[in-house]
Amino acid sequence: MPELPEVETVRRGLERLIVGRSIKTVMVYDSPKSFPNTQADVEQFVYGATIVAVRRRAKVLLIELSTNYTFVTHLKMTGQLVYVGNERFGAGHPTDSLIGSLPDRSTRVAMAFDDGTTLFFNDQRKFGWMKLYPAPEVMNIDFMQKVGPEPLDDSFTAKVFISRIRHRNNTTIKAAILDQTVLAGVGNIYADESLWGAKIHPSTRVKNVSDEQLSTLLVELKYVLNLAIEKGGSTDKNYVNAEGKRGSYIDFARVFRREGKECPRHPGTVIIKTRVAGRGTHTCPICQPAPL
DNA sequence: CACTTGACCTGTCCGC
DNA sequence: TGCGGACAGGTCAAGT
């Protein structure tokens, strides 16, 4: 379930851990589903290349190489990018990592660096993928063309948010903020958390949400996304950062995975779990009364 | 076109 | 204990 804060946490870790390292070999364990490029292309464009940057757009990670090729990765629900260091260089696998010895049965790709360290792409459910693109073609990927603005950019103002989401007036507010073409990076956790923050029921139709409420929702969205980045993301089951460690946002969650527990605003009232937009949805029945 | 639902996967949990 | 089925949820294709 990596969303914007989890992917950004992985990006920051990888930026620190792999930029400047040189790739020696790439082992592919699940082709073509998890990694469709041919071995010949990998040998020609990746072997000997140096990592020059690690970027993020929405929930997609871009690992840029000195050869002007880019590894594009989407972790989807259970994907992990875990760097395993080398004891000789004092960057060994952390002892508090949630990850056992790698590769394991979920490993789809392993990228070995010339210093003996390795980056593993693991994905239990095989929904995620990693693909090699010539750098200039990355922006032509369908998803990149249609994905909406980054919600944490200063240019993403209430005015921009409102004008974009009003194109989805007839659907529910939860479906609208999960729509990656409206804004980038929000998934189930932060949708529920921000809607509770703004005191809006997730199944409210967008047309019945006022501009003022939408402005409040954007403030709450930016707040939970920033807080989650600060806490290193949310680890429910599978998510780990680039060192294999868990994130702690879930300890600060107000509604997500808290069904049956008290609403922070209303001691004595418990969070309920329902289904909205096809997803498990958590609300406080007092803060967020269901629409008629 | 706007919107909703099912498919893609595998591990886990629950009820019988 | 074993087993079937529901569930987890990001994105895309197919359906209404």
Side-chain angles (χ1 to χ4, degrees), chain A residues 1-10 29-36 56-61 72-81 98-100 103-109 121-131 140-148 150-151 163-195 202-209 225 228 233-240 246-247 249-250 253 255-260 272-283:
Chain A
M1 57 214 96
E3 305 180 27
L4 188 154
E6 288 73 31
V7 180
E8 176 60 20
T9 300
V10 171
Y29 299 82
D30 181 52
S31 181
K33 188 149 192 6
S34 300
F35 184 85
R56 178 188 63 77
R57 175 73 174 101
K59 301 172 189 172
V60 172
L61 274 170
V72 181
T73 302
H74 200 306
L75 301 175
K76 292 289 180 82
M77 255 98 71
T78 53
Q80 305 169 328
L81 280 170
L98 295 186
I99 305 294
D104 64 16
R105 92 183 102 171
S106 74
T107 299
R108 309 303 171 198
V109 180
F121 171 43
N122 300 329
D123 187 11
Q124 182 181 99
R125 289 172 70 179
K126 300 187 187 181
F127 284 7
W129 46 263
M130 176 179 277
K131 293 179 192 174
N140 297 332
I141 298 170
D142 236 26
F143 179 87
M144 294 302 210
Q145 288 284 317
K146 65 186 189 190
V147 71
E150 289 291 326
S163 73
R164 295 186 71 87
I165 207 164
R166 287 294 177 206
H167 292 287
R168 304 297 311 277
N169 251 342
N170 217 29
T171 191
T172 62
I173 186 68
K174 178 161 179 174
I177 61 174
L178 288 172
D179 184 339
Q180 301 297 297
T181 69
V182 173
L183 76 166
V186 177
N188 206 37
I189 299 173
Y190 305 109
D192 281 4
E193 289 290 292
S194 60
L195 286 164
S203 59
T204 312
R205 298 281 146 179
V206 175
K207 64 186 168 199
N208 295 330
V209 181
L225 294 173
S234 299
T235 296
D236 186 25
K237 290 196 171 66
N238 291 271
Y239 167 73
V240 291
R246 63 191 306 130
Y249 177 85
I250 218 82
V255 287
F256 189 78
R257 287 293 148 80
R258 294 193 68 251
E259 59 268 33
I272 56 173
K273 185 174 181 183
T274 56
R275 205 156 184 88
V276 178
R279 315 292 180 84
T281 297
H282 310 77
T283 56

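Note that these values count all heavy atoms, side chains included, but never hydrogens, waters or copies made by symmetry. In what follows, chains are A, B, ... by sequence order, proteins preceding strands, each numbered from 1.
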Taking only the side-chain nitrogens and oxygens of A:Arg275, find out if one of them lies under 4.0 Å from OP1 or OP2 of B:dT4. no
Residue pair A:Met130 / A:Leu81, side-chain heavy-atom distance below 4.5 Å: yes
So, does A:Lys126 get its side chain near the phosphate of B:dC8, meaning an N or O under 4.0 Å from OP1 or OP2? no
Phosphate OP1/OP2 of B:dC9 contacted by A:Lys76 side-chain N/O (<4.0 Å): no
Taking for each residue the nucleotide of DNA chain B with the nearest heavy atom, is it A:Ala277 or A:Arg105 whose nucleotide lies nearer the 5' end? A:Ala277
Check whether any side-chain nitrogen or oxygen of A:Lys273 sits under 4.0 Å from OP1 or OP2 of C:dA8, and answer yes or no. yes
Could you work out which one of B:dC9, C:dG10, C:dT11 sits closest to the side chain of A:Lys33? B:dC9
So what's B:dC9 paired with, Watson-Crick or G-U wobble, going by both distances under 3.5 Å? none
Does A:Arg279 put a side-chain nitrogen or oxygen below 4.0 Å from OP1 or OP2 of C:dA8? no
Is A:Phe127 stacked against the base of C:dT11, taking the criterion as centroid distance under 5.5 angstrom and interplanar angle under 30°? no
OP1 or OP2 of B:dC9 less than 4.0 angstrom from a side-chain nitrogen or oxygen of A:Gln124, does that happen here? no
Please confirm whether the shortest side-chain N or O distance from A:Thr171 to OP1 or OP2 of B:dT4 is below 4.0 Å. yes
Which nucleotide, if any, forms a Watson-Crick or G-U wobble pair with C:dG9, using both distances under 3.5 Å? none
So, is A:His167 close to the B:dA2 phosphate, meaning a side-chain N or O under 4.0 Å from OP1 or OP2? no
For a quick check, tell me whether the side chain of A:Arg125 and the base of C:dA8 share a donor-acceptor pair closer than 3.5 Å. yes
Which is more 5' along DNA chain B, the nucleotide nearest A:Asn169 or the one nearest A:Lys237? Just name the residue. A:Asn169
Between B:dA2 and A:Asn170, is there an OP1 or OP2 to side-chain N/O distance shorter than 4.0 Å? no
According to the interplanar angle, ranging from 0 to 90°, do the rings of A:Tyr190 and A:Tyr249 count as parallel (below 30°), tilted (30 to 60°) or perpendicular (above 60°)? perpendicular
